[in-house]
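Order of appearance sets the numbers: ligands from 1, and atoms from 1 within every ligand. Side-chain atoms are counted along with the backbone in the values below, which use heavy atoms only and exclude waters and symmetry mates.
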Amino acid sequence: MNIETAKKAPFWWEAVDAHQTRAALDRDLDVDVAIIGAGFTGLWCAYHLSVLDPSLRIAVVDARHVGFGASGRNGGWCHAEYPLGHGQLAKDHNPDIALRHMRALFDSVDDVGRVALSEGIDCDYAKGGVLTLARKKFQDAYAREEVDHAKSLGLTDADIRYLDKDEARAMLNATDVVSGVWYAHGAAIHPAKLVHGVAGAAERRGVAIYENTPVTGLMHGGATTANGQIRASMTVLATEGFGSSIPGRDRILVPLYSLMIATEPLTDDMWAQIGLADRQTFGDFRNLIIYGQRTADGRFAFGGRGAPYHFGSKVDPSFDADDGVHKELVRVLVELFPQLGNTEVTHRWGGALGVSRDWRPSVTIDRPSGFAYAGGYVGDGVATAQLAGRTLAELIVDNDTDRTDLPWVNHSWPKWEPEPLRWFGINMGLNLAKAADRRENRTGKPSRLADVGNWLRGKRD
Ligand SMILES: Cc1cc2nc3c(=O)[nH]c(=O)nc-3n(C[C@H](O)[C@H](O)[C@H](O)COP(=O)(O)OP(=O)(O)OC[C@H]3O[C@@H](n4cnc5c(N)ncnc54)[C@H](O)[C@@H]3O)c2cc1C
């Protein structure tokens, strides 16, 4: 298995006309709601707005095209996760509020499936849950703690279960499995099919989408582009990890790169040995996150962190491929499944996800300034952006619902440090997480380096 012949492009984009061109904005535009960014946040917001009030004039603009950002490139885990974990949510607020937020996230996983079905969006949705493997003895304690902790917050066996070695291996026959955790609230999806499907559903309800229209600045009552001004009563910023070039945004959400590979389809015999019969998404308890899914056409789509943060919060297509990180992903995948040694890697790619200074996501509306925004999902944005987009829509039309008073609503983010401190802290943190994994592999014991690394990366809780 090697990366030499792999195409440098997201595997997902082949199933959709990813570069399909909708017209660019070529004049001034007056709308009720302008949405900047055609990813999950922006498109779910547009879709739900058009459902809630069909008379609204809604326009979505994207610098490139629908699904160009993380929404069209991700690992396809549509799962209910809060970046710092649900335990942190309970510490920040209280267990009842945390449980309500968690239940809203659980619902969003189902909502994605429900809307996909009702709108005729074929996005390969399979709700098989999320499997986290413990592959070192000390990680078994992490698995037990995670389940005990979730139950202390009010979750039940129907939500989360500890798996002993045999149960975990029956789901996924990777090497060195000690135990695992199975979490019910996750579905595997095809991200590009979903994001293009949501765009189509919004358009059918009258939403206008303009592609190749970079917003160059924000102004009171709208935004500016090269070819015209957009005037709107409410402007929604939905650019997450891809929006740092908008003036004044580079210290709000930093773009952290996550990289992926896809293999050729495996044979049925190989899948019979490996498992994932219900298309569970999977990862393990290492420090530098890895994530995988069995695609509907029988490939591994597999990704991980570890790519460097780029000075000044820069985002650039040249950062989507990194030989070192892609080779490491291949190495880890073969370590997990040695039978993949001769399997071809067909695609490799990457993209930026958005991280706020306090690692908390936010859904915010500021009526006096006429701006709203959501993001900061730290790599857990697929289902979360559905909840965020829907909540933004409800806030904009002033509907009070069970979602509009969740604790992330109007959470204000501290700014990231100026450079070069930001560059130094984040990259040092990433390097320490890598070093911690190497040390844990060598010693079989937990390493404190990961805690120091998290602290330096800004993850201080
Ligand atoms: C490789 C990778 C794997 C991931 N895996 C998972 C996963 O498995 N599960 C999960 O839950 N999350 C995952 N994530 C995170 C998740 O994909 C994102 O959190 C989510 O898609 C963010 O959606 P969004 O709509 O907020 O932003 P994006 O999808 O990033 O969309 C932002 C859009 O804004 C546009 N834009 C930027 N600047 C401008 C401008 N000036 N003018 C106009 N438009 C602009 C961009 O072109 C882009 O299309 C992953 C992310 C990456 C990168």
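Heavy atoms of Gly350 stay at 4.0 angstrom or farther from ligand 1. In this structure, Gln293 does not count as a contact residue of ligand 1, since none of its heavy atoms falls inside 4.0 Å of the ligand. Ligand 1 has Gly76 within reach: a non-hydrogen atom of the residue lies less than 4.0 Å from it.
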Verify side-chain contact (heavy atoms from CB on, under 4.5 Å) between Tyr373 and Ile365, making sure each step is shown before the conclusion.
CA-CA 7 Å; Tyr373 58 84; Ile365 185 162; over 6 Å; no

One pair to check against ring pair (Phe, Tyr, Trp, His ring centres under 6.0 Å): His65 and Trp13. What are the steps and the verdict?
CA-CA 12 Å; His65 55 76; Trp13 289 9; 5.2 Å; yes

Using the side-chain hydrogen bond (donor to acceptor under 3.5 Å, both in side chains) rule, take Glu264 and His347 through it: C-alpha gap first, then chi angles, then the decisive distance, then the call.
CA-CA 9 Å; Glu264 63 182 319; His347 297 75; over 6 Å; no

Where do Asn287 and Asp437 land on the side-chain hydrogen bond (donor to acceptor under 3.5 Å, both in side chains) test, with the steps shown first?
CA-CA 6 Å; Asn287 297 297; Asp437 280 329; 3.1 Å; yes

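With a heavy-atom cut-off of 4.0 Å, Ala374 does not touch ligand 1 at all. Counting heavy atoms under 4.0 Å from ligand 1, residue Trp77 touches it through both backbone and side chain. Residue-level proximity to ligand 1 for Asn74 is carried by backbone and side chain together, each with a heavy atom below 4.0 angstrom. Within the 4.0 Å heavy-atom criterion, the part of Thr213 lying near ligand 1 is the backbone and not the side chain. Contacts with ligand 1 closer than 4.0 Å are made by no heavy atom of Tyr257, backbone or side chain. Residue Glu81 does not touch ligand 1, judged by heavy-atom distances below 4.0 Å. Residue contacts with ligand 1, taken as heavy atom pairs separated by less than 4.0 Å, involve Ala352 solely via the backbone atoms N, CA, C and O.
When the heavy-atom distances from atom 1 (C) of ligand 1 to Ser258, Cys78, Gly389, Pro83 are ranked, the shortest goes to Ser258. Heavy-atom proximity to atom 24 (P) of ligand 1, evaluated over Val61, Val315, Leu259, Thr41, is greatest for Thr41. One option in Phe68, Trp44, Phe242 has a heavy atom closer to atom 38 (N) of ligand 1 than any other, and that option is Phe242.
At under 3.5 Å, not a single nitrogen or oxygen of Gly42, backbone or side chain, sits near a nitrogen or oxygen of ligand 1. Backbone and side-chain nitrogen or oxygen atoms of Phe40 are examined, and one is located within less than 3.5 angstrom of a nitrogen or oxygen of ligand 1. Polar contact with ligand 1: absent for Leu353 (N/O pair, distance under 3.5 Å). Ligand 1 has no N or O atom lying under 3.5 Å from any N or O atom of Ile36, backbone or side chain. By the 3.5 Å distance cut-off applied to N or O atoms, Gly241 is not counted among the residues near ligand 1. Where the criterion is an N or O separation shorter than 3.5 Å, residue side chain and backbone included, Gly69 meets it with respect to ligand 1.
Note that CG of Leu392 is 6.5 Å distant from CG of Leu395, once rounded to the nearest 0.5 Å. Going from atom CG of Leu329 over to atom CE of Met1 covers 10.0 Å, rounded to the nearest 0.5 Å. Separating the CG atom in Asp284 from the CD1 atom in Ile289 is a distance of 10.5 Å, to the nearest 0.5 Å. Annotation: the span from Leu194 atom CG to Asp124 atom CG amounts to 10.0 Å, rounded to 0.5 Å. Separating the CZ atom in Arg294 from the CZ atom in Phe300 is a distance of 8.5 Å, to the nearest 0.5 Å. In this structure, CG in Leu253 is found 9.0 Å from OG in Ser313, a value given to the nearest 0.5 Å.
Using the six-membered ring where Trp is involved, Tyr291 and Trp77 have ring planes that are perpendicular, over 60° apart on the 30 and 60° scheme. A perpendicular orientation is assigned to the rings of Trp408 and His101, their planes being inclined by more than 60° (bins at 30° and 60°).
Within ligand 1, the atoms closer than 4.0 Å to a non-hydrogen atom of Gly75 are 3 (C), 4 (C), 5 (N), 6 (C), 7 (C), 8 (O), numbered from 1 in the order shown. Counting atoms of ligand 1 from 1 in the listed order, those under 4.0 Å from a heavy atom of Val382 are 9 (N), 10 (C), 11 (O), 12 (N). Within ligand 1, counting atoms from 1 as listed, the ones closer than 4.0 Å to a heavy atom of Ile246 are 41 (N). Contact atoms of ligand 1 toward Gly351: 53 (C) (distance under 4.0 Å to a heavy atom of the residue). Taking a cut-off of under 4.0 Å to the non-hydrogen atoms of His79, the atoms of ligand 1 that pass are 11 (O). Within ligand 1, counting atoms from 1 as listed, the ones closer than 4.0 Å to a heavy atom of Asp380 are 10 (C), 11 (O), 12 (N). For ligand 1, the atoms closer than 4.0 angstrom to any heavy atom of Thr239 are 32 (C), 34 (O), 36 (N), 37 (C), 38 (N), 39 (C), 45 (C). Counting the atoms of ligand 1 from 1 in the order shown, those under 4.0 Å from a heavy atom of Pro214 are 42 (N).
Of the protein's non-hydrogen atoms, Gly37 CA, 3.4 Å is the one closest to atom 34 (O) of ligand 1. Considering only non-hydrogen protein atoms, atom 12 (N) of ligand 1 sits nearest to Gly379 O, 2.8 Å. Among protein heavy atoms, the minimum distance from atom 40 (C) of ligand 1 is reached at Val215 N, 3.6 Å. Looking at atom 27 (O) of ligand 1, its nearest protein heavy atom turns out to be Glu240 CB, 3.5 Å. Annotation: atom 28 (P) of ligand 1 to nearest protein heavy atom, Ala70 N, 3.6 Å. Of the protein's non-hydrogen atoms, the one nearest atom 49 (O) of ligand 1 is Asp62 OD2, 2.6 Å. Closest to atom 23 (O) of ligand 1 among all protein heavy atoms lies Ser71 OG, 3.1 Å. Nearest non-hydrogen protein atom to atom 31 (O) of ligand 1 is Gly39 CA, 3.9 Å.
Aromatic rings from Tyr125 and His190 are positioned such that their centres are separated by 6.0 Å or more. With ring centers used as reference points, Tyr82 lies 6.0 Å or more from Trp359. Here Tyr257 and Tyr309 keep their ring centres 6.0 angstrom or further from each other.
Geometric assessment of Arg73 against the ring of Phe68 yields a positive cation-pi assignment under the 6.0 Å and 45° thresholds. For the pair Arg357 and Trp416, the distance from NZ or CZ to the six-membered ring centre is under 6.0 Å and the angle to the ring normal is within 45 degrees. Both tests do not hold together for Arg360 against Trp413: distance to the six-membered ring centre under 6.0 Å, angle to the ring axis within 45°.
Using a 4.5 Å cut-off on side-chain heavy atoms (C-beta onward), Thr224 and Met219 make contact.
With no hydrogens or angles considered, a side-chain donor-acceptor pair links Tyr377 and Thr41 at under 3.5 Å.
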